[in-house]
Amino acid sequence: VRNRVELVLDWATARGYRAGLNPARWRGHLDKLLPKPEKVSKTTHHAALPYEEMGPFMTSLRESPGVGARALELAILTATRSGEVRGATWDEFDLKAQLWTIPGDRMKAEKEHRVPISKACIELLRKLPKMEGTNHVFTAGKGKPLSDMTLTAVLRRMDIDVTVHGFRSTFRQWAGEQTNFPREVCEHALAHQLPDK
C-alpha cells in the first residue's frame with residue numbers, strides 16, 4: 001500500500017498537482033523512521049501443490065470445462081505467470097519451432113522471454129478456437145482478455161487450496177529435486193532475473 005501511495009504521489013508531483021517531498025518515499029525517508037518490512041511481518045509464500053500430486057490434478061483440470069481451465073493448463077505447462085497467459089496473442093506462438101516468445105512489455109522484468117512449448121501445449125493450442133475480432137488466445141465475452149480472477153475461479157471450483165502462482169513454485173521444486181539442470185537454468189525458465197550476469 002505504501003508503494004502504491006508513493007507512486008500516486010510521484011505521479012501527482014510530476015503532473016504539477018502537488019509539490020514537495022513525497023511523504024510515502026521509503027528510501028532515504030521512511031526507511032530511517034520505521035523498521036524493515038521483513039521485521040514487521042514474515043513473507044508468506046503462494047500456496048503450491050506438491051509436484052507428486054500434479055498428475056491427478058492435471059487429469060482433473062483437463063476434464064474441467066471452460067476457457068479459464070485451458071488458460072490455467074497452459075500456465076502450468078509453461079510455468080508462466082497468469083498475466084502472461086491471459087495476455088497471450090496468437091502471433092507470439094510459433095508451433096513449428098515449438099516456441100512462445102513473450103514480448104518484454106508483457107513481462108514483469110520487461111525483457112523478452114522465450115518459452116519452449118511441449119507437445120501437450122501445442123495440442124492444447126490447436127484445440128482452442130480463434131475468436132473473430134481479437135488476436136488474444138484466451139478471451140472472455142466479446143473478445144476481451146480474461147480477468148485476473150478467472151484462473152483462480154477455476155481452482156476454487158475444483159475445491160483445491162493453492163494459488164495460480166503457486167504452480168510456478170511447484171515447477172521450481174520439481175526442477176530442483178527431480179532434474180539435473182543447474183539452478184540458474186531453472187530460475188531463467190521462470191523468467192527470474194539473476195544478479196550474476
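Only a predicted model underlies this, so the values are computations on that prediction, with no experimental measurement involved. Sequential numbering from 1 along the given sequence is applied to the chain's residues.
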Indicate yes or no: at least one non-hydrogen side-chain atom of [X] is less than 4.5 angstrom from one of [Y].
X: S64; Y: M158; answer: yes
X: N3; Y: L7; answer: yes
X: F167; Y: L155; answer: yes
X: E177; Y: Y51; answer: yes
X: W100; Y: T80; answer: yes
X: L74; Y: F138; answer: yes
X: R27; Y: E6; answer: no
X: Q98; Y: K119; answer: yes

Check step by step if side chain to side chain contact (heavy atoms under 4.5 Å, CB included) holds for L95 and I117. CA-CA 8 Å; L95 300 186; I117 52 176; 3.8 Å; yes
With a 4.0 Å cut-off, would you call E123 and R126 a salt bridge?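 No, E123 and R126 are not salt-bridged.
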Keeping the roles fixed (side chain from [X], backbone from [Y]), state whether a donor-acceptor pair exists under 3.5 Å.
X: S60; Y: P56; value: no
X: R86; Y: P145; value: no
X: E84; Y: R81; value: yes
X: N22; Y: L9; value: no
X: T89; Y: N135; value: no
X: R168; Y: L190; value: yes
X: D31; Y: H29; value: yes

Could you go through R70 and K127, starting from their C-alpha distance and side-chain angles, then the distance that decides it, and tell me whether this counts as side chain to side chain contact (heavy atoms under 4.5 Å, CB included)? CA-CA 10 Å; R70 302 297 68 81; K127 287 181 181 176; over 6 Å; no
Residues that H192 engages under ring pair (Phe, Tyr, Trp, His ring centres under 6.0 Å), provided they are two or more places apart: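 Result, ring pair (Phe, Tyr, Trp, His ring centres under 6.0 Å) vs H192: none returned.
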When rounded to the nearest 0.5 angstrom, what distance separates CD in E92 from CD in E112? 10.0 Å
Would you find more than 12 non-hydrogen atoms of other residues, nucleotides or ligands less than 6.0 Å from R114 atom CZ? no
Minimum heavy-atom separation for L151 to A71, with atom names? CD1-CB, 3.9 Å
Stepwise, does the side chain to side chain contact (heavy atoms under 4.5 Å, CB included) test hold for S82 with H165? CA-CA 7 Å; S82 168; H165 199 80; over 6 Å; no
Tell me, with the steps shown, if T13 and R18 meet side chain to side chain donor-acceptor pair (under 3.5 Å). CA-CA 5 Å; T13 302; R18 65 174 305 278; 2.9 Å; yes
